[in-house]
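First the proteins, then the strands, lettered A, B, ... as listed; each starts at 1.
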Number of protein chains: 2
Amino acid sequence: MREFKRKSRILLIDDNADHLRGVKELITLESSYDVVGATTSVNMGISLAKKYRPDIILMDINMPEKDGLQAIQELEKLDLGVKVIALSGYDDADLIFRAMKLGAKGYVLKTMASAQLIYAIDEVASGKIYLPTALTSRFFEYFQRSFKEETQTSNEENLLTYLTAREEEVLELLTQGNNYKGIAGKLFISETTVKTHVNNIFQKLQVNDRTQAVLYALNNGFANRKAIRA
Amino acid sequence: MREFKRKSRILLIDDNADHLRGVKELITLESSYDVVGATTSVNMGISLAKKYRPDIILMDINMPEKDGLQAIQELEKLDLGVKVIALSGYDDADLIFRAMKLGAKGYVLKTMASAQLIYAIDEVASGKIYLPTALTSRFFEYFQRSFKEETQTSNEENLLTYLTAREEEVLELLTQGNNYKGIAGKLFISETTVKTHVNNIFQKLQVNDRTQAVLYALNNGFANRKAIRA
DNA sequence: TACTTTATCAATCCAAAGATGTAAGACAAA
DNA sequence: TTTGTCTTACATCTTTGGATTGATAAAGTA
């Protein structure tokens, strides 16, 4: 490791000029970070990011011109290795979830105390992810709710449990887009045997054709089931 | 609100009898919680949960007999309103992720200081979600990685963009398990026209049959695409 | 041992899916 | 106006899919 402990470089993007100035001063005065840019334009911000390669970007995500969330997505796609911290006025669960999903390394509220903002930057700069406790709870409630809906369908009764091991193998190959011939070749059995298995699968899953069988499998955690068993 | 501030009731499930006893004593002596049960058997634990309706369950998820994760899932399905805290010896990202996904309200390590365990229980009892900072980071790294892979595929080139509006409609009906007749009926066009569209879809998506087309659609954010446009 | 489940294979038959070529009307852009 | 794309439609033909029935052998279970 040739390089170590140089000042982390920060880029600020916030369409509110006053807030932008305030944060810039705060960071300049109260921390050892190097503000390499501060702009009220999202597009300008992305350009600056490409040019100056900051370590961290503080990104306001409540902006009219272009959505800050979209900007995060674009930055992640560019793969500059920059750590984006989302700045927002709202502690809305959906916003938090989307920001984190898109790759934000932190999410802080504008109403936060300045010392805490510096702390958040410190944490993210050191490679961690920072979310205030209250927002972490918000996030997880949202996260679990969205997954609950997914598994809920299998709540009544998961017909996949009735499949034999062999039928599961066949179904897996079906979910990979194989036809009878392909499955027969991969399992080293005759095509007619495959047909028998597939027919049994249809009966058990109460569907009429392979597409419906595949959809049933995917919608009822077929992949997960295998992962757990393995 | 008729009832308020009664002692929260806790159920302990841990196949390690020593650890079980230790935790039980800790909670009995150092907190105001009421331990309503303590068992080394997962199945017994679930039965006790149904019987005594505890507020909180401390569940060891590294058990041989039956996977603790599966137990969490079952408990969530039963919808007893119990808050499960996962207890584990490992800070493995995948384990944490799966536990939280299944509805755990907290995840604590067995190596944790006892005061911190009590704190975790306090937090969860008050309706929050508790994850130690280090584990939160682990979780989010895993979380973001899994989402990055999802969006990454559509990064190269999404063949779905070449579909016309009508073809998208047809594809959507395909992803719902419809056959030619079904699609024709729903779009008020002839079956032969549907065949034409479907064939064009195959060409554009470079697949051979409807199952592969459906799989391509699902794996390349077809649902999302629609959502964004709407 | 008798019974059940599972996996294997076959033959037959009909329906559905898919490939290919052709074409007409609508509509928008050049 | 011409060109091109999109949507609609049909005919024909081949392939694949799916239903049904029946049969055998192995493995496990009561």
Practice problem: Grab the CG-C1' distance between B:L174 and C:dA16 for me, whole Å please. | Solution: 13 Å
Practice problem: Compute the ring centroids of A:Y216 and A:F202, then answer whether they are less than 6.0 Å apart. | Solution: no
Quiz item: Through what angle, rounded to 10 degrees, does the axis of the helix from C:dT1-D:dA30 to C:dA30-D:dT1 turn between its ends, using five pairs per end?
Solution: 40°
Quiz item: How about B:V170 and B:I201: do any of their side-chain heavy atoms sit closer than 4.5 Å?
Solution: yes
Kindly give the atom pairs (protein nitrogen or oxygen, nucleotide nitrogen or oxygen) under 3.5 Å for nucleotides 28-30 of chain C.
none

Quiz item: Thinking salt bridges, do A:E169 and A:R166 make one under a 4.0 Å N-O criterion?
Solution: yes
Quiz item: Of all of residues 197-209 of chain A, which get a heavy atom below 4.0 angstrom from DNA chain C, listed by number?
Solution: A:H197
Practice problem: For the pair A:F97 and A:F140, evaluate ring-ring contact (aromatic ring centres under 6.0 Å, His included) and give the outcome as yes or no after the intermediate values. | Solution: CA-CA 9 Å; A:F97 188 80; A:F140 276 109; 9.9 Å; no
Quiz item: Contact boundaries of DNA chain D with chain B (under 4.0 Å, heavy atoms), 5' to 3'?
Solution: D:dC6 to D:dC10
Practice problem: Would you check, one step at a time, whether the test side chain to side chain donor-acceptor pair (under 3.5 Å) holds for A:S190 with A:T192? | Solution: CA-CA 5 Å; A:S190 85; A:T192 57; 2.8 Å; yes
Quiz item: Does some side-chain heavy atom of A:K195 sit less than 4.5 Å from a side-chain heavy atom of A:Y180?
Solution: yes
Quiz prompt | Charged N-O contact under 4.0 Å between A:D209 and B:R210 | solution = no
Practice problem: Return the minimal non-hydrogen interatomic distance between B:R53 and B:R9, and the atom names on each side. | Solution: O-NE, 3.8 Å
Quiz prompt | Sorted by number, the residues of residues 178-195 of chain A with heavy-atom contact under 4.0 Å to DNA chain C | solution = A:I189, A:S190, A:T192, A:T193
Quiz item: Any donor-acceptor pair under 3.5 Å linking the side chain of B:Q212 with the backbone of B:N208?
Solution: yes
Quiz item: With the threshold set at 4.0 Å, does a side-chain nitrogen-carboxylate oxygen contact exist between B:D91 and B:R138?
Solution: yes
Exercise. Check ring-ring contact (aromatic ring centres under 6.0 Å, His included) between A:Y107 and all other residues, then give those that pass, not counting sequence neighbours.
Key: none
Quiz prompt | Test item: B:S88 and B:K110 side chains (from C-beta on) under 4.5 Å apart, heavy atoms | solution = no
Quiz item: Taking NZ, NE, NH1 and NH2 as the nitrogens, is one of them in A:E191 or A:K181 under 4.0 Å from a carboxylate oxygen of the other?
Solution: no
Quiz item: Within a reach of under 6.0 Å around NZ of A:K24, are more than 12 heavy atoms found that belong to other residues, nucleotides or ligands?
Solution: no
Quiz item: Looking at B:L78 and B:I46, what are the two nearest heavy atoms and their distance?
Solution: CD1-CG2, 4.0 Å
